[in-house]
Amino acid sequence: MNKKLILSLALSGLVLTTAAQTKVTPAIPQDAKMEQQIEKLLKKMTLDEKVGQMCELTIDLLQDRKANPSNGFRLSEAMLDSVIGKYKVGSILNVPNGIAQTPAKWQEIIKRIQEKSIKEIGIPCVYGVDQIHGTTYTLGGTFFPQGINMGAAFNRELTRRGAEISAYETKAGSIPWTYAPVTDLGRDPRWPRQWENYGEDCYLNAEMGREAVIGFQGNDPNHIGTRNVAACMKHFMGYGAPVSGKDRTPSSITVQDMREKHFAPYLEMVRNGALSVMVNSAMNNGLPFHANYELLTKWLKEDLEWDGMIVTDWADIDNLWKRDHIAKDKKEAIKLAINAGIDMSMDPYDWRFCPLLKELVQEGEVPMSRIDDAVRRVLRLKYRLNLFEKPYYDLKDFPLFGGKQHAAAALQAAEESLVLLKNTDAVLPLAKGKKILLTGPNANSMRCLNGGWSYTWQGSNAEACAEPYNTILEAFTNKFGADHVIYEAGVTYNDKGNWWEENTPQIEKAVAAAAKADYIVACIGENSYCETPGNLTNLFLSENQLDLVKALAKTGKPVILILSEGRPRIISDIEPLAKAVVDVMLPGNYGGDALANLIAGDANFSGKLPFTYPKEINSLITYDYKPCEHIGKQMEGAYNYDAQVSVQWAFGYGLSYTTFAYSNLKVNKPNFSANDELIFTVDVKNTGNCIGKESVLLFSSDLIASLTPDNRRLRAFEKVELNPGESKTVTLKLKASDLAFVGYDGKWILEKGDFRIQAGSQVMNVVCTDTKKWETPNKQ
């Protein structure tokens with residue numbers, strides 16, 4: 001390494017460690033033959049070919065603008081010559097014309113790209129798409145609920161099955177790589193991407209992230225099967241806790257929280273074979289993640305001995321100089337990002353990345369060893385995907401695409417994800433033969449059920465693409481009969497404007513219609529949005545919708561609120577007006593049918609909130625708060641320090657049509673040390689009169705610690721189904737080392753002392769008999 005490079009890195013706060021300098025054992029046992037193929041190919045590659053493999057461009061660049069648009073998307077052979085022939089670009093992403101394509105169109109596009117790549121470079125392209133909640137960019141594919149719903153279901157099997165189905169249907173279009181799962185911790189309800197992940201808790205995200213990775217990739221990450229795709233963990237990391245609550249804005253996360261919570265899902269997914277990761281677009285404590293050597297190279301690649309590939313998010317190398325001002329121009333930004341550990345740049349419109357990176361290597365600003373390390377990782381992904389042998393597929397080999405089996409799984413996922421938050425006087429399920437007024441802007445909208453990343457980036461155009469599926473209105477009409485359902489929206493969205501804009505309300509029409517109804521079902525919440533356009537300045541539900549509910553409540557008819565929203569909008573002034581409240585969040589194409597089944601009593605609610613639902617705008621809090629954030633009574637003295645925080649509904653809260661009783665909580669080792677496994681058992685009985693599923697959540701509280709402990713932490717969960725009167729003993733396993741925390745010195749420590757354990761109404765204490773500190777960063 002030359003002196004100029006060392007000085008440059010020192011000034012940037014980076015210390016470069018390359019694969020040539022540090023020998024590591026990969027987390028995924030490598031295939032020796034495959035590694036030989038990679039090295040053989042790497043030696044033959046020119047520098048142009050190497051930097052090209054590190055570049056990813058959007059499909060928009062390859063469009064033939066002169067072609068007749070009525071014939072659909074067409075590739076430009078001239079652009080293929082430039083992008084692949086001249087610049088040797090190794091990856092393409094995104095969806096043609098910004099909208100979902102048929103499997104046949106995907107086959108046509110990707111086959112031609114692969115033919116060109118193999119002819120010009122001898123290396124296939126790896127194509128990536130954001131299919132984050134099912135097959136969302138392939139027409140006719142199966143939509144699953146968004147991540148926040150899958151977290152609410154607390155069902156690992158459903159998450160894995162959803163990923164398996166998504167992989168199968170994605171591969172039917174010859175797409176080998178999906179930018180999922182999303183395991184950002186949704187720690188701030190203002191954040192517009194809260195709905196993409198599995199909730200606010202790190203353990204829940206880690207568990208569901210692992211299941212998604214295995215579902216996408218199968219059980220052998222070295223050899224991704226014909227019906228599997230490569231997963232891409234995102235967004236590494238701390239993305240869901242911005243100080244401002246806005247997308248792509250800075251966070252201020254401590255080393256302790258970063259290591260203990262935000263890193264946890266990635267640690268679990270890497271240990272289970274995840275092949276790629278996408279980086280957080282923002283910054284933490286002033287340093288953009290795309291230039292953070294400590295997190296990208298040290299924590300991820302070296303500490304975990306991970307041989308996967310790191311890709312940027314959209315144009316985020318450019319952001320290092322255009323937005324974040326840590327580089328003077330694009331060239332310097334590329335140097336910072338690549339030396340920090342980035343392997344592939346999602347540029348996505350500018351192939352100048354290739355000649356600029358080439359210049360940096362020739363000038364000694366980026367070492368050849370770093371280039372070779374990155375290209376190895378890109379090639380390894382392509383070999384693991386078997387793209388050299390089978391770069392594209394045939395749709396006829398995927399006969400289950402969009403079929404009834406897949407639909408049934410998606411419907412079950414939707415049913416298990418909806419959360420019953422209030423049911424006064426057992427108003428639900430609705431009595432048979434009664435008239436229902438369906439009202440509110442979300443009652444007749446597929447867009448509101450699906451959210452963003454659904455056919456289009458913002459979820460618009462859903463009504464045309466999702467025509468075969470049922471809105472809430474259509475599902476209720478099918479379930480209860482057209483003569484029992486009255487529809488009058490009262491408030492509607494302006495679909496020609498911004499997502500939050502509403503048309504002039506016609507509340508009086510809804511109030512008049514209520515006179516003919518026995519029940520009022522008000523479908524309120526949010527229109528679809530995604531990423532930065534979803535930023536807001538007011539977490540309260542819109543004034544028009546609040547006024548609609550208040551006016552309807554004055555009719556004296558029972559009001560059932562249906563919340564269809566990507567994040568919890570504050571409804572504290574209308575919640576008391578409702579007999580029942582259901583949070584459907586974003587359940588996907590089968591959400592309307594799922595809700596109708598549940599409201600009719602043909603299925604039972606079993607979802608639980610995977611986040612804390614706030615009650616007041618200045619009382620935003622997560623369930624694992626520090627004690628001083630939530631003081632039960634005022635401090636006495638000259639001043640009253642009242643940090644009382646009220647929430648609308650707590651993390652893990654959710655009702656059912658039946659009731660469950662917990663008893664007999666036991667543990668195999670009431671006194672334990674760091675190497676032990678704690679096995680808890682608790683008896684759960686269905687004490688109601690209908691079958692139901694219960695998510696049994698196990699929480700721990702460290703009673704005294706050298707750093708103020710969290711109020712409590714989710715440590716295990718299992719979901720069980722019980723018939724009326726039936727009891728089951730539920731087993732919940734926990735490694736004692738998982739009760740450790742990250743100390744002020746940044747190291748994991750399990751301290752001697754008492755822990756309180758809770759499952760349902762059952763509480764017990766266990767005692768750690770010895771203190772242990774780990775010198776390795778991940779307790780290995």
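Not measured: the values here are computed from a predicted model.
The two residues F680 and L698 make their nearest non-hydrogen contact at CD1-CD2, 3.7 Å. Shortest non-hydrogen contact noted between M258 and I253 is N-CG2, 3.6 Å. Shortest non-hydrogen contact noted between G141 and T135 is CA-CB, 3.9 Å.
No salt bridge links R193 with D184; every basic N to acidic carboxylate O contact stays at or beyond 4.0 Å. In this structure, E268 pairs ionically with R210, as a charged nitrogen and a carboxylate oxygen lie closer than 4.0 Å. Between E694 and K719 there is no salt bridge, since no side-chain N of the basic residue sits under 4.0 Å from a carboxylate O of the acidic one. Between R271 and E305 no salt bridge is recorded (no basic side-chain N to carboxylate O distance below 4.0 Å). Look at K234 and D130 and you find a salt bridge, because one of the NZ, NE, NH1 or NH2 atoms lies within 4.0 Å of a carboxylate O, short of that distance. Salt bridge status for D303 with K298: present, with a side-chain N to carboxylate O gap under 4.0 Å. The residues D583 and R569 are annotated as not salt-bridged, no charged nitrogen and carboxylate oxygen being separated by less than 4.0 angstrom. Of the charged side-chain nitrogens involved, none lies within less than 4.0 Å of a carboxylate oxygen, so that D702 and R712 do not count as a salt-bridged pair. The pair E526-R567 meets the salt-bridge criterion, with a side-chain N (NZ, NE, NH1 or NH2) lying under 4.0 Å from an Asp/Glu carboxylate O. Ion pair R156/E718 flagged as a salt bridge, since at least one NZ, NE, NH1 or NH2 atom sits closer than 4.0 Å to an Asp/Glu carboxylate oxygen.
Counting heavy atoms from C-beta outward, L449 and N589 have side chains that stay 4.5 Å or more apart. Considering only heavy atoms from C-beta on, I691 comes within 4.5 Å of E721 through its side chain. Contact annotation: the side chain of P777 never approaches that of W299 to less than 4.5 Å [non-hydrogen atoms, C-beta and beyond]. Residues C530 and W195 have side chains in contact (heavy-atom distance under 4.5 Å, counting atoms from C-beta outward). In this structure, the side chains of V581 and L563 come closer than 4.5 Å at one or more pairs of heavy atoms. Contact check for V667 versus I757: no side-chain heavy atoms found under the 4.5 Å cut-off. Side-chain atoms of Y239 and R248, non-hydrogen and from C-beta on, do get closer than 4.5 Å to each other. Side-chain atoms of L703 and F755, non-hydrogen and from C-beta on, never get closer than 4.5 Å to each other.
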Let's go through W453 and Q131 carefully: what are the C-alpha distance in whole Å and the side-chain angles of both, what is the deciding distance for side chain to side chain donor-acceptor pair (under 3.5 Å) to 0.1 Å, and is it a yes or a no?
CA-CA 7 Å; W453 298 122; Q131 310 247 48; over 6 Å; no
Could you walk me through whether Y623 and D201 pass the side chain to side chain donor-acceptor pair (under 3.5 Å) check?
CA-CA 8 Å; Y623 87 98; D201 178 63; 2.6 Å; yes
E416 and N155: CA distance, side-chain angles, deciding distance, side chain to side chain donor-acceptor pair (under 3.5 Å) verdict:
CA-CA 8 Å; E416 292 199 24; N155 188 324; 3.0 Å; yes
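Shown here are the side-chain contact (heavy atoms from CB on, under 4.5 Å) partners of Y625, two or more places apart in sequence or in another chain: I621, E629, H630, N711. Residues passing the side-chain contact (heavy atoms from CB on, under 4.5 Å) test with S727, sequence neighbours excluded: K685.
Of the listed residues (F263, F236, Y266), just one forms a side chain to side chain contact (heavy atoms under 4.5 Å, CB included) with L295, and that residue is F236. Among the candidates F143, Y179, Y198, the single residue satisfying the ring-ring contact (aromatic ring centres under 6.0 Å, His included) test with H133 is F143. Between K261 and the choices T254, T622, D624, N205, the side chain to side chain donor-acceptor pair (under 3.5 Å) rule is met once, by D624.
Using a 3.5 Å distance cut-off with no hydrogens or angles, the side chains of Q648 and Y653 do not pair a donor with an acceptor. Of the N and O atoms on the side chains of E415 and N597, at least one donor lies less than 3.5 Å from an acceptor on the other residue.
Although no hydrogens or angles enter the test, the distance criterion places a donor-acceptor pair under 3.5 Å between the side chain of S454 and the main chain of N450.
Remark: K779 qualifies as a cation-pi partner of W748 under the 6.0 Å distance and 45° angle criteria applied to the six-membered ring.
Distance NZ/K693 to OG/S606: 6.0 Å, rounded to 0.5 Å.
No more than 12 heavy-atom neighbours from other residues, nucleotides or ligands sit within 6.0 angstrom of CD1 on I704. Within a 6.0 Å sphere centred on NZ of K246, heavy atoms belonging to other residues, nucleotides or ligands number more than 12. For K626, the NZ atom sits in a packed shell: over 12 heavy atoms of surrounding residues, nucleotides or ligands are nearer than 6.0 Å. Residue K728 qualifies as enclosed at atom NZ: its count of foreign heavy atoms under 6.0 Å is above 12.
Between F289 and H235, the distance separating the two ring centers is not shorter than 6.0 angstrom.
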